[in-house]
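All remarks here apply to the structure that follows.
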There are 2 protein chains.
Amino acid sequence: MFLTGKKRGYLGKKMGEDDRVARLNVTEETYVETIDALMRERGYAGVTDIAEELGIKSPSVTSMLKKLDALGFVKYTPYRNVTLTEKGRDLAAFLKEQQRSLQAFLTLLGVDEIVAENDACAIEHILQAPTLERLSKFVEFTQATPQGRSWIECFKKYEGVKKSPKR
Amino acid sequence: MFLTGKKRGYLGKKMGEDDRVARLNVTEETYVETIDALMRERGYAGVTDIAEELGIKSPSVTSMLKKLDALGFVKYTPYRNVTLTEKGRDLAAFLKEQQRSLQAFLTLLGVDEIVAENDACAIEHILQAPTLERLSKFVEFTQATPQGRSWIECFKKYEGVKKSPKR
DNA sequence: TATTATTTTTAGTTTAAACTAACTTTAGTA
DNA sequence: TACTAAAGTTAGTTTAAACTAAAAATAATA
């Protein structure tokens, strides 16, 4: 099929390394996003806050912070609040933009707000750069051109050829 | 943020259970898809074939097959070829349709064939049902209505307002 | 049919990312 | 300042899903 194995761990494709920023795996990126969000919302990010936000326990956070520090995404000093490094901020910004764009896209297509947010969040770590580009372009098109704008109206009205009686 | 922890293991949201078929985690579903594909392509699915297809080693396959058998998705008898149960076939069919639809969607938006296939494959296990519905509806719209058809032409021509010099 | 090769399984190991229990540091308050 | 509460860390455990090495079953061939 379409999956190539990696050295260890879970199944998953290995994507091209054509990204603009240094990337991490889904779990790690989620930590970076969470730290970024907390910094914005409360001005700081403590271990407990992160744990709470992610629905996990603090020791799990501590060990991941060490890892992210070693990878250069986070500045971690024991018993101190965490901060993102330049590299970490770059990634966070990238992910945030990515997510914003994805969510806009899904919403545009009529996906419910909450669902769109969730799904955007979930797939942003997975989609390849070219795909993202195309989706953004689409959103842009529907905003920047008259055809695009009118088209959206059209789609909103459209409710399918026939409601096939699905049980 | 938008992730709720689960009992154990990796971070990830818990989605609503509103699906039409019994679902599994990404890894498990990938096995089911692979078995289904092999059955179609070669008429049977051996442990080695599956392992090869997934780029992993055979013992990993054996143990997953036991699990999937216990879960009722697969008929596993030691040293025999594997088959899918009704439940397994249902899931495979669901996933195949899902993927077909996703891929069509991405391709429609101008994502390269290969990339679209990969991404469709990767996110099909993650997207929620309502999102999928919306995407399908979109594809349908672009095929079933004149507005939809003409719109695609329009989008294909569109190449953005200005190429902002990135960097 | 006996032998060899291939396929599959068993048993035990590794890894990432969670967990619990117990300890240490820091912060808050009498 | 001393004491308690809260936050964070350490050490060791668990789980899923990979892995390796070696044994067992099946298949292919002389």
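On a predicted model such as this, the values are computed, not experimentally measured, just so you know. The figures that follow rest on heavy atoms only: side chains count, while hydrogens, waters and symmetry mates do not. Below, chains carry the letters A, B, ... as their sequence lines are ordered, and counting in each starts from 1.
Taking the six-membered ring where the residue is Trp, B:Phe105 and A:Phe105 present tilted rings, their angle falling between 30° and 60°. Classified by interplanar angle (parallel below 30°, tilted 30° to 60°, perpendicular above 60°), the ring pair B:Tyr158/A:Phe141 is tilted.
Spacing between atom CZ of A:Arg80 and atom P of D:dA7 amounts to 15 Å, rounded to whole angstrom units. What separates OH of B:Tyr76 from P of D:dA25 is a distance of 13 Å, to the nearest Å. Remark: C1' of D:dG8 and OH of A:Tyr44 are 14 Å apart, rounded to the nearest angstrom. In this entry the distance linking CG of A:Asn81 with P of C:dA27 reads 9 Å, nearest Å. Between the C1' atom of D:dT14 and the CD1 atom of A:Ile56 lies a distance of 15 Å, rounded to the nearest Å. Between the P atom of C:dT8 and the CD1 atom of B:Ile50 lies a distance of 9 Å, rounded to the nearest Å.
In this model, the phosphate group of D:dA18 is approached by a side-chain N or O of B:Tyr31 to a distance below 4.0 Å at OP1 or OP2. Between C:dT8 and B:Thr62, no contact under 4.0 Å exists linking OP1 or OP2 to a side-chain N or O. The phosphate of C:dA17 (OP1 or OP2) has a side-chain N or O of A:Asn25 nearer than 4.0 angstrom. Phosphate contact (OP1/OP2 of C:dA17, side-chain N/O of A:Ser60, threshold under 4.0 Å): absent. Within the 4.0 Å cut-off from OP1 or OP2 of C:dT20, at least one side-chain nitrogen or oxygen of A:Lys57 is found. Between B:Thr48 and C:dT6, a side-chain N or O to OP1/OP2 separation shorter than 4.0 Å is absent.
Of the residues in residues 63-75 of chain B, B:Met64, B:Lys67 come within less than 4.0 Å of DNA chain D through at least one heavy atom, sorted by number.
Between A:Arg40 and A:Glu33, none of the side-chain N atoms (NZ, or NE/NH1/NH2) sits under 4.0 Å from a carboxylate O, so this pair counts as no salt bridge. Contact check on A:Arg134 versus A:Glu140 returns no salt bridge, with no Lys/Arg side-chain nitrogen under 4.0 Å from an Asp/Glu carboxylate oxygen.
By the rule that hydrophobic residues join a cluster once side-chain heavy atoms approach within less than 4.5 Å of another member, A:Leu38 and A:Tyr44 end up as members of separate clusters. A continuous path of hydrophobic side-chain contacts links A:Ile152 to A:Val111 [ILVMFWY only; heavy atoms under 4.5 Å].
Within 4.0 Å (heavy atoms only), B:Pro78 reaches sugar-phosphate atoms of the nucleic acid but no base atom.
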Check the pair B:Ser136 / B:Ser101 against side-chain hydrogen bond (donor to acceptor under 3.5 Å, both in side chains), numbers first and verdict last. CA-CA 6 Å; B:Ser136 298; B:Ser101 150; 3.0 Å; yes

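Nearest nucleotide to the side chain of A:Pro59, out of C:dT10, C:dT20, D:dG8: C:dT20. In the set C:dT26, D:dT10, D:dT20, the nucleotide with an atom closest to the side chain of A:Tyr79 is C:dT26.
Along DNA chain C, the nucleotide closest to B:Asp49 and the one closest to A:Glu28 are compared, and the more 5′ of them pairs with B:Asp49.
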